[in-house]
**Student:** 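Before we start, here is the structure in question, set down as structure tokens.
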2 protein chains.
Amino acid sequence: MGLHPHSASCRAREILDRVGDKWSLQVIALLGERTKRFTELKREIEGISQRMLTVTLRGLERDGIVTRTVYPVMPPRVDYSLTPLGATLMDAAQALVNWAESHLDQIDAARADYDARAAEIDALKKTS
Amino acid sequence: MGLHPHSASCRAREILDRVGDKWSLQVIALLGERTKRFTELKREIEGISQRMLTVTLRGLERDGIVTRTVYPVMPPRVDYSLTPLGATLMDAAQALVNWAESHLDQIDAARADYDARAAEIDALKKTS
DNA sequence: CTGAATCCGCATTGATACTG
DNA sequence: CAGTATCAATGCGGATTCAG
């Protein structure tokens, strides 16, 4: 069964809308290690703002990917962890990650090639 | 080997930056069937604008995912097809697509659940 | 510590018109 | 047919401030 367009890729879109954003996959990966606290996640994800971590976690919680556990103590403490559903998603994402690791250099090479050609064509235009 | 954060998910980001946009996966899926022309793709991808199809195809071409073949005829004719690299990417994406198909209903259920609870909490606030 | 709320700039996208 | 060019709108995401 291939990746046929009128059911598969439409639904693939829905998934990518959920995990294809800037931060979700990293959050999922980190929670795949173990349960973590808000600040812990914030510290480990370089460049994420407080706001986006909150937004991302809320989205994942809403979709049943992560659970949020609040401990009514002072100062507050909130734990996040992957649900079983989230764990299966992490597994599925693994194929793409593996692909990335083994083919990223090919993509970089293709890019350099493409850009070099483009620059060459640009140079020819100025001659004419 | 799990999806560990400091190499895997960083590179995963790079991949999602390439195929995680709104249209790339659909284009890849369609070209996975066979070589197609610009207008053919445009017709089969509902909602895509001429501009975004062009932009998407250029990006995929630059990354070595698709090839672009121009026939110097009148009217113009341009064929697009998957490269071998593109074909391997399609395979890798398959896992995510499969996940989507088998778990999308769970996500929808989780969402409905979450939203229902949120509405309930909202109602309580108005009482207080 | 873990958020929520607001404002705002910038990038992405769509619409439209035009071209070889 | 297969684009390119330009402009306008949308929305993501960052910075900041306030709160429990």
Side-chain angles (χ1 to χ4, degrees), chain A residues 13 16-27 30-31 35-63 66-81 114 117-118 121-122 124-125 128, chain B residues 13-14 16-27 30-31 35-63 66-81 114-115 117-119 121-122 124-126 128:
Chain A
R13 268 276 81 247
L16 287 172
D17 285 341
R18 288 176 167 91
V19 304
D21 63 81
K22 203 172 177 182
W23 308 110
S24 288
L25 250 201
Q26 291 192 58
V27 170
L30 285 165
L31 293 182
T35 295
K36 298 195 175 182
R37 299 181 55 175
F38 185 88
T39 308
E40 208 174 346
L41 289 170
K42 172 135 175 46
R43 192 179 339 112
E44 293 179 337
I45 302 178
E46 187 177 11
I48 196 171
S49 65
Q50 200 174 39
R51 169 193 157 80
M52 285 319 295
L53 181 53
T54 300
V55 170
T56 301
L57 286 167
R58 282 296 176 283
L60 292 173
E61 184 195 3
R62 183 164 110 103
D63 291 344
V66 310
T67 60
R68 179 170 177 269
T69 310
V70 182
Y71 298 93
V73 296
M74 199 46 197
R77 169 186 181 142
V78 181
D79 281 359
Y80 292 93
S81 58
Y114 183 96
R117 291 174 200 276
I121 291 174
D122 249 33
L124 285 180
K125 278 186 182 173
S128 67
Chain B
R13 267 276 83 245
E14 303 187 53
L16 288 171
D17 285 341
R18 287 176 167 90
V19 305
D21 62 81
K22 203 172 177 183
W23 308 110
S24 287
L25 251 202
Q26 292 191 59
V27 170
L30 285 166
L31 292 182
T35 296
K36 298 194 176 184
R37 300 180 56 174
F38 184 89
T39 307
E40 206 173 347
L41 290 169
K42 172 135 176 45
R43 192 178 340 111
E44 292 180 337
I45 302 177
E46 188 177 10
I48 195 170
S49 65
Q50 200 173 36
R51 170 195 158 79
M52 285 317 295
L53 181 53
T54 300
V55 170
T56 301
L57 286 168
R58 283 293 178 285
L60 293 174
E61 184 195 3
R62 184 165 110 100
D63 290 344
V66 309
T67 61
R68 178 169 178 268
T69 310
V70 182
Y71 299 94
V73 296
M74 204 37 201
R77 172 190 177 137
V78 181
D79 280 0
Y80 291 93
S81 58
Y114 183 95
D115 292 346
R117 291 174 199 276
I121 291 174
D122 248 33
L124 284 179
K125 278 186 182 173
K126 291 184 179 175
S128 67

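Keep in mind that this is a model prediction, so the values were computed, not measured. Below, chain A is the first sequence line, B the second, and so on; all start at residue 1.
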**Student:** Apply side chain to side chain contact (heavy atoms under 4.5 Å, CB included) to residues Phe38(A) and Leu57(A) and explain how you reach the verdict.
**Tutor:** CA-CA 9 Å; Phe38(A) 185 88; Leu57(A) 286 167; 4.0 Å; yes
**Student:** For Leu53(A) and dC12(D), what is the distance between atoms CG and P respectively, to the nearest whole Å?
**Tutor:** 17 Å
**Student:** Would you kindly compare Pro76(A) and Gln50(A) by the position of their nearest DNA chain D nucleotide and give the one closer to the 5′ end?
**Tutor:**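 Here Gln50(A) is the residue nearer the 5' end.
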**Student:** With nearest nucleotides of DNA chain D determined for Ile48(A) and Met74(A) from heavy-atom distances, which residue corresponds to the more 5′ nucleotide?
**Tutor:**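 Residue closer to the 5' terminus by nearest nucleotide: Ile48(A).
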**Student:** Working note: Thr69(A) + Thr35(A), criterion side chain to side chain contact (heavy atoms under 4.5 Å, CB included); need CA distance, chi angles, decisive distance, verdict.
**Tutor:** CA-CA 10 Å; Thr69(A) 310; Thr35(A) 295; over 6 Å; no
**Student:** In whole angstrom, what separates Asp17(B)'s CG from dA11(C)'s P?
**Tutor:** 15 Å
**Student:** Rounded to the nearest 0.5 Å, how far does OH of Tyr71(A) lie from CG of Asp79(A)?
**Tutor:** 4.5 Å
**Student:** If I take atom OG from residue Ser81(A) and atom NZ from residue Lys36(A), how far apart are they, to the nearest 0.5 angstrom?
**Tutor:** 12.0 Å
**Student:** Could you check how far CZ of Arg68(A) sits from P of dC1(C), rounded to whole Å?
**Tutor:**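 Checked: the CZ to P distance equals 16 Å.
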**Student:** Mind checking if Tyr80(B) touches a base, just sugar-phosphate, or nothing, with heavy atoms under 4.0 Å?
**Tutor:** sugar-phosphate
**Student:** Using a cut-off of 6.0 Å, state whether more than 12 heavy atoms not belonging to Arg58(A) lie near its atom CZ.
**Tutor:** yes
**Student:** To the nearest Å, give me how far apart CD (Glu46(A)) and C1' (dG14(D)) are.
**Tutor:**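 Result: 16 Å.
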**Student:** Counting only side-chain nitrogens and oxygens, does Ser49(B) get under 4.0 Å of the OP1 or OP2 atom of dA15(C)?
**Tutor:** no
**Student:** Rounding to a whole Å, what distance do you find between Leu41(B):CG and dG3(D):P?
**Tutor:**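 Nearest whole value for this atom pair: 10 Å.
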**Student:** When you measure from the side chain of Lys22(B), which nucleotide among dC1(D), dT13(C), dC1(C) comes out closest?
**Tutor:**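 My answer, after comparing the listed nucleotides, is dT13(C).
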**Student:** Expressed as a whole number of angstroms, how long is the span from Lys36(A):NZ to dC1(C):C1'?
**Tutor:**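 Rounded to whole Å, this separation is 18 Å.
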**Student:** Can you measure Met52(A) atom CE to dC7(C) atom P for me and round it to whole angstrom units?
**Tutor:** 19 Å
**Student:** Any base atoms under 4.0 Å from Lys42(B), or only sugar-phosphate, or nothing? Heavy atoms, all strands.
**Tutor:** nothing
**Student:** Output the rounded distance in Å from OH (Tyr71(A)) to P (dG3(C)).
**Tutor:**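 Value for this atom pair: 13 Å.
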**Student:** For dT4(D), does either OP1 or OP2 sit under 4.0 Å from a side-chain N or O belonging to Arg58(B)?
**Tutor:** yes
**Student:** Ignoring backbone atoms, test whether Arg51(A) places a side-chain nitrogen or oxygen under 4.0 Å from the OP1 or OP2 oxygen of dT16(D).
**Tutor:**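 Checking Arg51(A) against dT16(D): no side-chain N or O falls below 4.0 Å of OP1 or OP2.
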